[in-house]
Amino acid sequence: MRRVSIFGATGSIGQNTIDLIDRNPDAYDVVALTGGANIHKLAEDAKRLRANVAVTAHQDRLEDLRAALAGSDVQAAAGSMALTEAAARPADWVMSAIVGAAGLPPGLEALKQGATLALANKETLVCAGPLVLDTARQHNATLLPVDSEHSAVFQALAGEDMSAVERIIITASGGAFRDWPLGDLANATVEQASNHPNWNMGQRITIDSASMFNKALEVIETKEYFGVSPEQVEVLVHPESIVHALVGFNDGALMAHMGAPDMRHAIGYALHWPARQDLPVERLNLAKLGQLRFSEPDDARYPALKLARHVMQRGGLSGAVFNAAKERALDHFIARRIGFLSMADCVAAVLDRFDAQSSLIDAPLTLDNVLQTDHLARKWVDEAISQRAG
Ligand code: NAD
Ligand code: MG
């Protein structure tokens with residue numbers, strides 16, 4: 001039996017992972033499941049899957065979780081330390097599907113015990129790519145991409161030599177506002193931004209898709225995971241979300257990966273890798289689809305992409321700054337304190353401020369430095385917003 005843990009089990013990726021495991025429960029021994037405020041769902045899944053431990057990220061919900069697990073053998077734990085401890089429990093395969101930089105410490109811990117880490121949490125590589133890859137190497141751990149574009153690239157690269165790769169193209173649907181007049185974007189609401197045309201995902205990544213911050217994170221993730229230069233990573237807008245990524249080789253060949261927009265594809269690939277197994281995803285009928293469209297992303301519509309290019313050139317802690325500023329600006333947008341376009345303005349202002357601090361730019365990429373920088377960048381976003389209000 002394979003020992004598996006799922007971090008962020010109550011979320012969109014977590015539930016899709018559980019869907020796959022539920023179809024063949026005898027093959028898996030579930031070690032840890034973690035969630036946030038949805039105690040009911042966490043406890044229900046932990047009991048059904050007979051997990052050893054269930055962890056809520058919220059310290060003050062421990063008693064609620066204990067009560068929900070009463071009468072079962074599942075242990076209850078709470079708080080960020082408990083999350084990291086759960087990641088140290090021996091497991092063969094660990095799904096990293098917490099949203100945000102909070103996914104980094106448990107992900108690193110899982111790598112330290114030599115587990116295979118299935119990485120949906122793109123923030124891990126954006127904030128600390130070289131540290132994460134070094135940790136995996138040192139502990140003989142395997143890191144598998146779960147983001148659909150990165151899983152697609154990984155599959156297109158199977159058996160290939162990286163030295164023959166000229167470029168990697170990841171696609172973007174263009175999000176909720178792809179066809180909106182530019183002038184209307186400033187007034188876009190949280191509800192409108194939370195409505196993705198093709199994918200059914202958590203609210204935060206859905207809004208990040210509308211602003212293209214999601215793709216900006218993914219461009220950095222591509223550079224880090226596959227070890228290519230910033231210039232080798234390209235983005236194409238592809239409204240149908242059927243081609244997830246393409247790899248261009250030095251003989252001019254382009255290998256594209258296609259599939260229905262269903263995350264169980266990428267999750268299942270990482271779960272069964274290096275084998276392929278039957279997955280409950282739609283089989284594409286290309287004749288019925290008729291056409292696939294591609295276009296260049298418009299810089300004016302998607303300033304996040306330009307910011308990502310800057311971050312890749314900078315390296316070091318700038319990824320952690322970029323991600324934290326984005327997360328905090330998104331908090332403010334969701335709380336309706338700032339408008340849709342102000343998110344990119346805030347992130348740009350925080351990156352400028354970071355660029356002026358040479359001591360931070362040259363600081364080594366350690367977990368402590370990443371966490372401190374993350375904290376600082378969030379504070380800078382709050383300051384930028386209160387200055388504007390004042
Ligand atoms: P979600 O919001 O649906 O779920 C997030 C999970 O993380 C929940 O279990 C929540 O309880 C937990 N969580 C939230 N904040 C936390 C914190 N501070 N500490 C600990 N746990 C916390 O998110 P999602 O859409 O499933 O996305 C999860 C990750 O996967 C993100 O990094 C996202 O970018 C990435 N991803 C998602 C999709 C998708 O289709 N949903 C696709 C590609 C990549
Ligand atoms: Mg993606």
Side-chain angles (χ1 to χ4, degrees), residues 5-19 32-42 45-46 54-59 61 65 77-84 86-87 95-107 117-127 145-154 170-173 175 194 196 198-209 212-222 225 235 238 241 243-245 257 259-267 269-270 323-324 326-328 330-331 334 371 374 378:
S5 288
I6 305 173
F7 286 76
T10 54
S12 166
I13 292 285
Q15 289 293 300
N16 276 309
T17 308
I18 288 177
D19 175 81
L33 293 186
T34 86
N38 194 343
I39 301 293
H40 175 75
K41 175 109 238 109
L42 177 62
D45 286 341
V55 189
T56 164
H58 302 291
Q59 191 80 55
R61 299 298 303 275
L65 182 58
S80 49
M81 287 286 284
L83 281 174
T84 309
M95 167 53 76
S96 164
I98 286 174
V99 61
L104 174 63
L117 186 67
L119 197 63
N121 178 277
K122 61 197 78 189
E123 296 87 347
T124 295
L125 285 175
V126 173
C127 296
V146 173
D147 216 340
S148 55
E149 299 76 5
H150 306 75
S151 172
V153 172
F154 189 75
I170 60 174
T171 62
S173 67
S194 302
H196 199 284
N198 304 338
W199 294 91
N200 183 8
M201 311 184 284
Q203 185 191 34
R204 297 181 71 88
I205 181 175
T206 302
I207 299 176
D208 284 349
S209 298
M212 216 50 122
F213 266 111
N214 179 50
K215 210 51 53 180
L217 297 178
E218 290 182 359
V219 167
I220 303 171
E221 186 188 9
T222 304
Y225 187 86
V235 175
H238 167 45
S241 297
V243 176
H244 303 305
H257 176 281
D262 182 333
M263 284 309 294
R264 290 177 303 177
H265 192 111
I267 297 167
Y269 186 78
N323 178 68
K326 188 282 295 175
E327 285 193 36
R328 192 68 186 137
L330 178 59
D331 292 340
I334 291 174
L371 297 177
D374 174 284
R378 287 171 203 255

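Counting starts at 1 for both ligands and their atoms, in listed order.
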Give the atom numbers and elements of ligand 1 that come within less than 4.0 Å of a heavy atom of N121. 32 (O)
In ligand 1, the atoms that come under 4.0 Å of a heavy atom of D147 are 43 (C), 44 (C)
Taking heavy atoms and a distance under 4.0 Å, where does S12 meet ligand 1: side chain, backbone, both or neither? both
Mind checking whether I334 and Q203 have side chains closer than 4.5 Å, heavy atoms only? yes
Note: R204, heavy atoms under 4.0 Å from ligand 1, region reported as neither
Output the distance between atom CD1 (I18) and atom CG (L33), rounded to the nearest 0.5 Å. 5.0 Å
Under 3.5 Å donor-acceptor, N121 side chain and I98 backbone: yes
Which residue supplies the protein heavy atom nearest to atom 14 (C) of ligand 1, what is that atom called, and how far is it? V99 CG1, 3.7 Å
Using a 4.0 Å heavy-atom cut-off, which part of D208 comes near ligand 1: side chain, backbone, both, or neither? neither
Proximal atoms of ligand 1 relative to G202 (non-hydrogen, under 4.0 Å): 3 (O), 25 (O), 41 (N)
Side-chain donor/acceptor of T10 to backbone N/O of G35, under 3.5 Å: no
Parallel, tilted or perpendicular, judged at 30° and 60°: which one describes the rings of H244 and H257? tilted
With heavy atoms under 4.0 Å as the rule, classify the contact between A57 and ligand 1 as side chain, backbone, both or neither. side chain
Give the residue, atom name and distance (to 0.1 Å) of the protein heavy atom nearest atom 27 (O) of ligand 1. I13 CG1, 4.2 Å
Please write down residue, atom name and distance for the protein heavy atom closest to atom 34 (O) of ligand 1. K122 CE, 3.1 Å
For the pair N198 and S241, evaluate side chain to side chain donor-acceptor pair (under 3.5 Å) and give the outcome as yes or no after the intermediate values. CA-CA 7 Å; N198 304 338; S241 297; 2.7 Å; yes
Report yes or no: does G35 have a heavy atom closer than 4.0 Å to ligand 1? yes
Would you give the length of the straight line joining atom CZ of R204 to atom CG of L330, rounded to the nearest 0.5 angstrom? 4.0 Å
Proximal candidate to atom 40 (O) of ligand 1 [heavy atom criterion; set Q203, M263, H58]: M263
Distance (rounded to the nearest 0.5 Å) between F7 CZ and L117 CG: 9.5 Å
Can you list the ligand 1 atoms lying under 4.0 Å from a non-hydrogen atom of A120? 30 (O), 32 (O), 35 (C), 36 (N), 44 (C)
Pair E218, H150 - check side chain to side chain donor-acceptor pair (under 3.5 Å), show working. CA-CA 8 Å; E218 290 182 359; H150 306 75; 4.9 Å; no
Side chain, backbone, both or neither: which part of M201 comes within less than 4.0 Å of ligand 1 when only heavy atoms are counted? both
Distance only, no hydrogens: is a donor on one side chain within 3.5 Å (strictly under) of an acceptor on the other, for N214 and K122? yes
Which of the numbered atoms in ligand 1 are under 4.0 angstrom from any heavy atom belonging to L83? 20 (C)
For the Mg ion (ligand 2), angle spanned by E218 OE2 and E149 OE1 (nearest 10°) is 100°
Please work out, at 4.0 Å between heavy atoms, whether the side chain, the backbone, both, or neither of I205 comes within that distance of ligand 1. side chain
Answer yes if the ring centres of H265 and W199 are under 6.0 angstrom apart, and no otherwise. no
Kindly say whether G8 contributes a backbone atom to a donor-acceptor pair with the side chain of T34 at under 3.5 angstrom? yes
What is the closest protein heavy atom to atom 11 (O) of ligand 1, and at what distance does it sit? G36 N, 2.8 Å
Provide the atom name of the closest N, O or S atom of D147 relative to the Mg ion (ligand 2). OD1
Tell me: protein heavy atom nearest atom 4 (O) of ligand 1, and distance? G11 CA, 3.1 Å
Please list the nearest protein heavy atom to atom 9 (O) of ligand 1 with its residue and the distance rounded to 0.1 Å. T10 OG1, 2.7 Å
Taking atom 18 (N) of ligand 1 as the reference point, the nearest protein heavy atom with its distance: A102 CB, 3.5 Å
Is there a side-chain contact between I13 and I267, using heavy atoms and a 4.5 Å cut-off? yes
What protein heavy atom sits nearest atom 32 (O) of ligand 1, and how far off is it? E123 OE1, 2.8 Å
Working note: Q15 + D19, criterion side chain to side chain donor-acceptor pair (under 3.5 Å); need CA distance, chi angles, decisive distance, verdict. CA-CA 6 Å; Q15 289 293 300; D19 175 81; over 6 Å; no
